[in-house]
Amino acid sequence: MLDKTYDPTQFESGLYKFWLSHGYFTPKAEIGKPYFSMVTPPPNITGQLHIGHGLDNAIQDTLVRFKRMQGYNTLWLPGTDHASIATEVKIVEQLKKEGIDKHDLGREEFLRRAWQWKEKYGGRIVEQLQKLGSSCDWSRLSFTMDEKCSKAVRRTFVSLYNKGLIYRGDRIINWCPVCNTALSDAEVEYSEQDGYFWHYGYTTPDGSTTVTFATTRPETMLGDTAIAVNPNDDRYRHLVGKTVIVPFVNREIPVIADEYVDMQFGTGVVKITPAHDPNDFEVGRRHNLPVIRVMNDDGTMNENAGEFAGLDRYEARKRIVERLKEMGILQKVEPHKHNVGSCYRCHTTVEPIVSKQWFVKMQPLAQPAIDAVKRGEVVFHPERFEKTYLNWMENIRDWCISRQLWWGHRIPVWYCDDCGAEICAETDPDVCPKCGSKHIHQDEDVLDTWFSSALWPFSTLGFFNGSDDFKAFFPTSVLSCGYDIIFFWVARMIFSSLYATGQVPFKHVLMHGIVRDEQGRKMSKSLGNGVDPVEFIDKYGTDTLRFALINGVANGSDIRFAPDKVEGTRNFMNKIWNASRFVLMNCQDKPLKPIGECKLSLADKWILTRLNATVRSITELLDKFELGMAAQCLFDFVWSEFCDWYIELVKPVLYGTDEQARCDTLSVLVYVLDAMLKLLHPFTPCITEQIYQNLPGHGESIMIQRYPTVNDALNFADDCNLVEELKELIAKVRNIRSEYGVAPSKRIRLYVNATDRRIRECDLYLCKLCGLEQAVFGEAPAGDKTVQAVCSAATCQVPLGDLVDKDKEIERLTKELDNVNNEIARANGKLSNAGFLSKAPQNLVDAEKAKLAKYTELQAQLQARLDELK
RNA sequence: GGAGGCAUAGCUCAGUCGGUUAGAGCGCUCGCUUCACAUGCGAGAGGUCGUAGGUUCGAGUCCUACUGUCUCUACCA
């Protein structure tokens, strides 16, 4: 029997262990069997579980449990990400506290520490994920640096290298002076900041002409190697080919003409610093300009900066501006807002710097990935994200994949110190294959974390190991993640998979939004507005968390996580619990019948029909990945139909004396509860299992039961309609009672004039739900003062004696008549419209006619009653 | 600069292929300790679906423009 109060902490973790110990999460790799598979976005091993993981896992687990119950061979593969830069930053911080510098420690010892970190925190995040109830197959738990993933990385790198799709070269990259590494474009975040425009100029050697420009970064002037103007600019045409002098470094640089310069902007003159600006770099290439770096990796000025060497970049900027002022060169300073890029990990302003790095050539890889999506081989949900994806892919630039870090996949390239050969190999070479020299050394850099993440769907399934998992579960069915990692991850998985396996990695991409706080702000450590899912689960249970994150939320839209909603969801769990308790209390030790052998009451037929409708829509919605709507639909069925109406309708039978009817009704109650729990199970796995285990005749676990399907033998459309009419009638009577202030405890009499004789079978329902002492079928005695309830199933009279107030009654009925008249006018309008009659579908025309007939009838009744009163 | 989203009840949001009297939760008002649940029950108030046009027999839904707002993306010195 269920405890009196719903307390998820009593059973959630125990149930999880129960599922694990039975191996329900671990499928066999059966090639050719219909499957459903997903890989989970691997959380960083630096991490604490956050609410975003909660959402991510709730969505995925719901889908996985649904498909598993439908009989698919279902795999949900979990894992963790080594998170190269993020983890390295954390470890460096940790070392700093111990007063140790990473370089003093040395690479090997550093990596030993990193693996220690991984063992400690990688395990913790797995434990936390398990609290969410996720039915992942932990026996297949993967790590981006484990053997099979590392193999995938090496093989893919070598293959791309051999095809010329990976190259090394000097390019402008985004450099983080704090993390001390290059970053990819995707790893830079831009934000608008207040800065200045410094206007000054360079003068020709003869001192005759000064060419004025504006810059936001004056310190880069030390690396200027040209001044550029637009070739069509008449103002400066005469200067092209002349030279000017860069102050401080006294370099003589040419004035060049290049289309890149916008004549309309500023003075129409640009100083060109090829080593520190991506556009200038391109200009420099076109004009064969020298590339002079003036900054060190740590953000200080280098020896090329002359008198400013050694200064921090911002200090140098200040000093240069001061000196320009002193020298009378500075012409004006104006405030200027501009976008500044910062490192997505440490938020330091990044510096565009020319540097030798490894790149993936994107054009040839992007094209097939664009085509596959356009052909519909990968479908985005909601579809608008396809545009986001295509927009990025179609404008993609080469991907900088080398990082000046230690923690990660080391670039599998060696250099021969003797002959200078560059060797890219899957297995570590001992000697130079070209000259046989033993003096070779490996590239110092590691790969961007996302390089290994990009291979995740097939590396984890053992594509490079010829694994059955790959044959049985690839391509995966659905990928679910937040829209914020479309570029980082989704796009890169698509092109990587097409390249490596020739197949798309997944057929559907299900995007969700960001979980925000009550005021719509992003949750963050600095704001302290985050919800800790672990704490939350300890308080409310994982079912509440999951349902609150999913219920009524549209795909791809951000979620405000408000305490109100949590409470409401907890109340829903409580509702499920208590409704189940009600059923179980009543059927204890009582015999039950198979549903097919029961004599079904009107209420039974109604709920069974409604159950079918619910099963149908939920299944359709889940098939379309509309989890939010499916949850909403279940919420309504459980609360508004099963609890509010069916349980109430059934009480007279349960508390009555007809043993036979009782047994039948109990059987239906249990049947519907069982189906309801199964429908709920993918969303709220724990509470449903806990209740299921108390159901008479339950199986081993609810999670391996078959998902409900529509049972056509249990559809009773007519009876269902009748009950809907009955509900309307009951609501009307309740309304009258409430309006007239009849105490709820007061038993009254009701006179019912029903057109449908089956209403006569409903007196038990009417008595219970309208608080009647008796339902009388027929007219009220002539002298009785009554209030009239007019509805489609019947016209009722509620004898309220002296409470009846003629004016109030006229007012009430007039209002109702107005409504009815409006509806009649609307229906007439439609039906007198030739276009509607000829073009609208027939069923709608028929429905409109039926509506007109119904309201005309109601109109007559209401009018008659009003006439009587007046 | 480019792309996209959002604008519906006091608040937070659903609303699928264009087709019932536009819904839910919370809040609010009134009444209830009715034997599953006061984490509850019943009743009620509350909406010109951002503005202006257009398409259509029919528009919250599709199109155009506008206003407000948010996000992504680019990085004009």
Side-chain angles (χ1 to χ4, degrees), chain A residues 2 4-6 185 188 190 197 213-217 220 228 260-262 264-273 277-280 338-341 352 382 384-385 387-388 390-392 395 483-484 486-487 513-514 518 520 551-554 556-560 562-565 567-586 617 620-621 624 626 628-629 632 635-636 640 643-644 647-648 651 655 731 734-739 741-745 768-769 771 819-820 822-823 826-827 830 833-841 843-844 847-848 851:
Chain A
L2 298 179
K4 185 145 168 46
T5 47
Y6 164 62
D185 295 337
V188 178
Y190 289 89
F197 248 149
F213 50 80
T215 179
T216 55
R217 293 187 299 154
T220 60
Y260 155 71
V261 181
D262 180 353
Q264 315 301 324
F265 191 85
T267 59
V269 181
V270 186
K271 65 185 224 23
I272 300 295
T273 323
D277 183 279
N279 293 304
D280 293 6
H338 60 143
N339 270 338
V340 177
R384 66 171 183 271
F385 289 106
K387 282 184 199 149
T388 311
L390 290 175
N391 193 24
W392 192 69
N395 297 296
Y483 61 70
D484 51 334
I486 292 182
F487 307 136
I514 293 165
E518 207 180 349
N551 185 23
V553 173
S557 66
D558 289 352
I559 299 165
R560 282 193 203 206
D564 274 354
K565 186 161 185 182
E567 198 137 303
T569 309
R570 191 267 320 262
N571 295 352
F572 179 53
M573 295 304 125
N574 190 58
K575 194 73 179 173
I576 296 169
W577 186 263
N578 278 295
S580 305
R581 209 160 61 85
F582 171 82
V583 175
L584 293 173
M585 274 165 51
N586 280 287
S617 30
E620 283 173 6
L621 287 166
K624 288 191 286 186
E626 296 285 358
M629 276 193 261
Q632 184 71 251
F635 180 95
D636 291 340
S640 312
C643 294
D644 286 352
I647 285 183
E648 295 307 320
K651 276 178 180 173
Y655 300 147
R734 282 171 169 176
N735 169 257
I736 287 168
R737 291 188 61 130
S738 184
E739 289 264 301
V742 179
S745 53
K768 173 76 173 81
L769 291 166
N819 282 337
V820 168
N822 283 340
E823 287 315 304
R826 181 195 295 269
K830 281 192 182 180
N833 181 334
F836 180 73
L837 291 176
S838 60
K839 290 185 182 170
N843 62 324
L844 285 173
E848 213 56 43
K851 193 161 67 175

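Nothing here was measured: the structure is a model prediction, and the numbers come from that model. So you know, we letter chains A, B, ... as the sequences are listed, proteins then strands, and number each from 1.
- Using atom C1' as the reference point in both B:U48 and B:A22, the two lie 13 Å apart (nearest Å).
- A donor-acceptor contact under 3.5 angstrom links the side-chain atoms of A:Arg570 to the base of B:U39.
- Side-chain nitrogen and oxygen atoms of A:Asn551 include none within less than 4.0 Å of the OP1 or OP2 phosphate oxygen of B:G25.
- As judged by a 4.0 angstrom heavy-atom cut-off over every strand, A:Asp564 is placed among residues touching the sugar-phosphate backbone only.
- B:G31 atom P lies 20 Å from atom CD1 of A:Ile736, rounded to whole Å.
- Within 4.0 Å of A:Asp262, counting heavy atoms only, lies at least one base atom of the nucleic acid.
- One distance of note links NZ of A:Lys768 with CD of A:Glu648; it measures 4.5 Å at 0.5 Å rounding.
- Remark: C1' of B:A3 and OH of A:Tyr483 are 15 Å apart, rounded to the nearest angstrom.
- The side chain of A:Lys4 places an N or O atom within less than 4.0 Å of a non-bridging phosphate oxygen (OP1 or OP2) of B:C37.
- When the nucleotides B:A77, B:A36, B:C32 are ranked by their closest atom to the side chain of A:Pro744, B:C32 comes out on top.
- In terms of heavy atoms, A:Tyr483 sits closest to A:Ile514 at OH-CD1, 3.5 Å.
- Taking each heavy atom of A:Thr273 and A:Thr220 in turn, the nearest pair found is CG2-O, 3.2 Å.
- Checking B:C75, B:U16, B:A36 against every side-chain atom of A:Ile647, the shortest atom distance belongs to B:A36.
- Residue contacts for A:Asp644: at a heavy-atom cut-off of 4.0 Å it reaches the sugar-phosphate backbone alone, with no base atom in range.
- Backbone-only engagement by A:Asp277 is indicated by non-hydrogen atom pairs under 4.0 Å involving sugar-phosphate atoms exclusively.
- At a cut-off of 3.5 angstrom, counting only N and O atoms as typed in the model, there is no donor on one side facing an acceptor on the other between the side-chain of A:Asn574 and the base of B:C37.
- Contact between A:Phe213 and A:Lys271 at its shortest, heavy atoms only, is CE1-CD, 3.4 Å.
- In this structure, the CG atom of A:Asp558 is 19 Å from the P atom of B:G4, given to the nearest Å.
- Nucleotides B:G27 and B:U64 have their P atoms positioned 41 Å apart, rounded to a whole Å.
- Contacts of A:Phe487 with the nucleic acid, taken as non-hydrogen atoms under 4.0 Å apart, involve only primed sugar atoms and P, OP1 or OP2.
- Contact annotation for A:Glu648: base contact, defined as any heavy-atom pair under 4.0 Å involving a base atom.
- Using a 4.0 Å heavy-atom distance criterion, A:Leu584 is classed as making no nucleic acid contact.
- Here the OG1-CG distance, from A:Thr216 to A:Asn339, works out to 11.0 Å after rounding to the nearest 0.5 Å.
- A distance of 11.5 Å separates CG of A:Leu837 from CG of A:Leu844, quoted to the nearest 0.5 Å.
- For the pair A:Gln632 CD and B:G15 P, the interatomic distance rounds to 10 Å; values are reported in whole Å.
- Taking the ring centre of A:Phe582 as origin, the terminal cationic atom of A:Lys651 falls inside the region bounded by 6.0 Å and 45° from the ring axis.
- Taking the side chain of A:Tyr190 as heavy atoms from C-beta on, and the options B:G19, B:U16, B:A74, the nearest nucleotide is B:A74.
- Minimum interatomic distance between A:Lys575 and A:Cys643 (heavy atoms only, all atoms of both residues): CE-CB, 3.7 Å.
- The residue A:Gly568 sits apart from the nucleic acid: no heavy atom pair falls under 4.0 Å.
- As rounded to the nearest Å, B:C63 and B:G19 have P atoms that lie 15 Å from one another.
- Counting only heavy atoms from C-beta on, A:Asn578 has its side chain closest to B:A36 among B:G42, B:A36, B:G25.
- Heavy-atom minimum distance, A:Arg217 versus A:Asp277: NH2-OD2, 3.7 Å.
- Note on A:Ser557: only backbone sugar-phosphate atoms sit closer than 4.0 angstrom, heavy atoms only; bases stay farther off.
- Contacts of A:Lys851 with the nucleic acid, taken as non-hydrogen atoms under 4.0 Å apart, involve only primed sugar atoms and P, OP1 or OP2.
- For A:Arg734, counting side-chain heavy atoms from C-beta on, the closest listed nucleotide (B:U16, B:G42, B:G19) is B:G42.
- The CG atom of A:Asn735 sits 19 Å away from the P atom of B:C41 (whole-angstrom rounding).
- Picking from B:A36, B:U39, B:A77 the nucleotide with the shortest atom distance to the side chain of A:Phe265 gives B:A77.
- Nearer the 5' end of RNA chain B, as judged by each residue's closest nucleotide, is the contact made by A:Asn391, out of A:Asn833 and A:Asn391.
- The side chain of A:Lys387 places no N or O atom within less than 4.0 Å of a non-bridging phosphate oxygen (OP1 or OP2) of B:C72.
- Summarising the geometry of A:Thr569 relative to A:Lys565, their closest heavy-atom pair is OG1-O, 2.8 Å, with the distance given to 0.1 Å.
- Among the duplex regions that RNA chain B forms, those built from at least three successive Watson-Crick or G-U pairs under 3.5 Å are B:1-7 with B:67-73, B:10-13 with B:23-26, B:28-32 with B:40-44, B:50-54 with B:62-66, ordered by first number.
- A:Ala562 comes within 4.0 angstrom of no nucleic acid atom, judged by non-hydrogen atoms across all strands.
- Atom pair A:Leu390:CG and B:C72:C1' shows a separation of 15 Å (rounding to whole Å applied).
- Annotation: B:A3 and B:A14 have their P atoms spaced 25 Å apart (nearest Å).
- The side chain of A:Tyr260 sits closest to B:A77 out of B:G42, B:G19, B:A77.
- Taking the P atoms as reference points, B:U21 lies 13 Å from B:A59, given to the whole Å.
- In textbook terms, a nucleotide whose glycosidic angle is within 90° of 0 is syn, and B:C17 is one such case.
- A gap of 23 Å separates the C1' atoms of B:A9 and B:C70, to the nearest Å.
- Residue-level contact check: A:Tyr655 touches the backbone only, with heavy atoms under 4.0 Å from sugar-phosphate atoms and none from bases.
- Separating the P atom of B:G18 from that of B:U61 is a span of 11 Å, rounded to the nearest Å.
- Each of B:G42, B:A3, B:C75 was ranked by its minimum atom distance to the side chain of A:Ser738; first place goes to B:G42.
- We find that CZ of A:Phe836 is positioned 13 Å from C1' of B:G18, with the value rounded to whole Å.
- As judged by a 4.0 angstrom heavy-atom cut-off over every strand, A:Lys575 is placed among the base-contacting residues.
- Distance from the side chain of A:Ala554 is smallest for B:G15 among the nucleotides B:U21, B:G15, B:A36.
- Nucleotides B:C41 and B:A24 are separated by 14 Å at their P atoms, to the nearest Å.
- Distance CG/A:Asn578 to OG1/A:Thr5: 9.0 Å, rounded to 0.5 Å.
- Between A:Arg560 atom CZ and B:A7 atom C1' there is a gap of 13 Å when expressed in whole angstrom units.
- For the pair A:Glu823 and A:Gly268, nearest-nucleotide mapping onto RNA chain B gives the more 5' position to A:Glu823.
- Relative ring orientation between A:Trp392 and A:Phe487 is described as parallel, the plane-to-plane angle staying below 30° on a 0-90° scale split at 30° and 60°.
- At the heavy-atom level, A:Met629 lies under 4.0 Å from base atoms of the strands shown.
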